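First the structure, in the form of structure tokens, and then the observations on it.
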Amino acid sequence: QMPLVEFGGGPVQAGGSLRLSCRVSGIPFKGIHVAWFRQAPMKEREFVALADWDDHARYSDSVRGRFTVSRDEPRKTVFLQMENLKPETADVYYCAAGTSLGTTGDGDSYWGPGTQVTVSA
């Protein structure tokens with residue numbers, strides 16, 4: 001069983017919304033930071049949002065005000081609510097979790113397999 005699995009990707013029209021979920025299992029959820037990253041083909045991985053262990057959020061400048069990250073402790077799930085999606089934000093979205101995880105994605109961490117978000121103009 002994979003420690004992290006993402007759900008909720010799919011096609012959406014520009015201006016639309018999606019909610020991604022990252023389900024954590026098999027590892028302690030309390031006390032870990034969980035972050036979302038995205039990566040397009042031939043591009044570097046990009047930080048999107050992070051919910052730290054006590055649910056304080058950080059966002060990249062490109063998504064601040066449109067995306068909201070939150071964590072549900074009983075369900076061991078972190079959500080990424082994405083509003084007003086733009087074609088350039090069509091990427092594979094990954095969640096990552098770790099006690100020392102930061103916005104660079106470095107450090108000991110677990111990663112999910114990713115979920116594809118496609119935004120049509």
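Predicted, not measured: the structure shown is a model, and the values here were computed from it. These values consider heavy atoms only, across backbone and side chains, with no hydrogens, waters or symmetry-generated copies.
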Q: May I have the step-by-step check of side chain to side chain contact (heavy atoms under 4.5 Å, CB included) for Gln39 and Val92, ending in yes or no?
A: CA-CA 5 Å; Gln39 188 168 22; Val92 178; 5.6 Å; no
**Q.** Short side-chain to backbone donor-acceptor contact, Thr118 and Pro11, under 3.5 Å
**A.** no
(Q) Quick check for you: to the nearest 0.5 Å, what is the distance between His33 atom NE2 and Leu50 atom CG? (A) 7.0 Å
Q) Where do Cys22 and Trp36 come nearest, in terms of heavy atoms and distance? A) CB-CZ2, 3.5 Å
Q. So, does Thr77 use its side chain to make a donor-acceptor pair with the main chain of Arg75 at under 3.5 Å?
A. yes
Q) Within a radius of less than 6.0 Å around CG of Asp54, do more than 12 heavy atoms belonging to other residues, nucleotides or ligands occur? A) yes
Q. Is the closest side-chain heavy-atom distance between Gln81 and Val69 below 4.5 Å?
A. no
Q.
Between Glu83 and Arg66 (salt bridge meaning N to carboxylate O under 4.0 Å), is one present in this structure?
A. no
Q: Could you tell me which non-hydrogen atom of Leu18 sits nearest to which non-hydrogen atom of Gly8, and how far apart they are?
A: CD2-O, 3.7 Å
Q: Measure the spacing between OG1 of Thr99 and CD1 of Ile32 and express it to the nearest 0.5 Å.
A: 8.5 Å
Q: Taking the side chain as every heavy atom from C-beta outward, state whether Leu80 and Thr68 have any atom pair closer than 4.5 Å.
A: no
Q: Quick one: pull up CZ in Arg23 and CZ in Phe79 and give me the separation to the nearest 0.5 Å.
A: 9.0 Å
(Q) Taking the side chain as everything from C-beta on, heavy atoms only, tell me whether Leu20 gets closer than 4.5 Å to Phe7. (A) no
Q: State whether the number of non-hydrogen atoms from other residues, nucleotides or ligands found under 6.0 Å of Glu44 atom CD is greater than 12.
A: no
Q.
Could you see if Leu85 belongs to whatever hydrophobic cluster contains Val48? Use Ile, Leu, Val, Met, Phe, Trp, Tyr and a side-chain cutoff under 4.5 Å.
A. yes
Q. Can you check whether Phe29 reaches Arg71 side chain to side chain, under 4.5 Å on heavy atoms?
A. yes
Q | Exercise: identify the closest heavy-atom pair between Lys76 and Ser25 | A | NZ-CA, 4.3 Å
Q: Return the minimal non-hydrogen interatomic distance between Val34 and Ala97, and the atom names on each side.
A: CG2-CB, 4.0 Å
Q. Out of curiosity, Arg38 CZ to Tyr93 OH, how far, rounded to the nearest 0.5 Å?
A. 4.0 Å
Q | Pi-cation contact, Phe47 with Arg58 (under 6.0 Å, within 45°) | A | no
Q: Could you state whether Val5 and Val24 fall into the same hydrophobic cluster, counting links through intermediate Ile, Leu, Val, Met, Phe, Trp or Tyr residues with side-chain heavy atoms under 4.5 angstrom apart?
A: no
Q.
Quick check on the hydrophobic clustering: are Tyr94 and Val117 connected, directly or via other members, by side-chain heavy-atom contacts under 4.5 Å?
A. no
Q: Provide the closest heavy-atom pair for Asn84 versus Ser17 in the form atom of the first, atom of the second, distance.
A: N-OG, 4.4 Å
Q. Distance from Ser21 atom OG to Glu6 atom CD, nearest 0.5 Å?
A. 10.0 Å
Q: Compare every heavy atom of Leu4 with every heavy atom of Pro113, then report the nearest pair and how far apart it is.
A: CD-O, 3.4 Å
**Q.** Pairs flagged by ring pair (Phe, Tyr, Trp, His ring centres under 6.0 Å) wherever residues 100-121 is involved - sequence neighbours left out
**A.** Phe37-Trp111
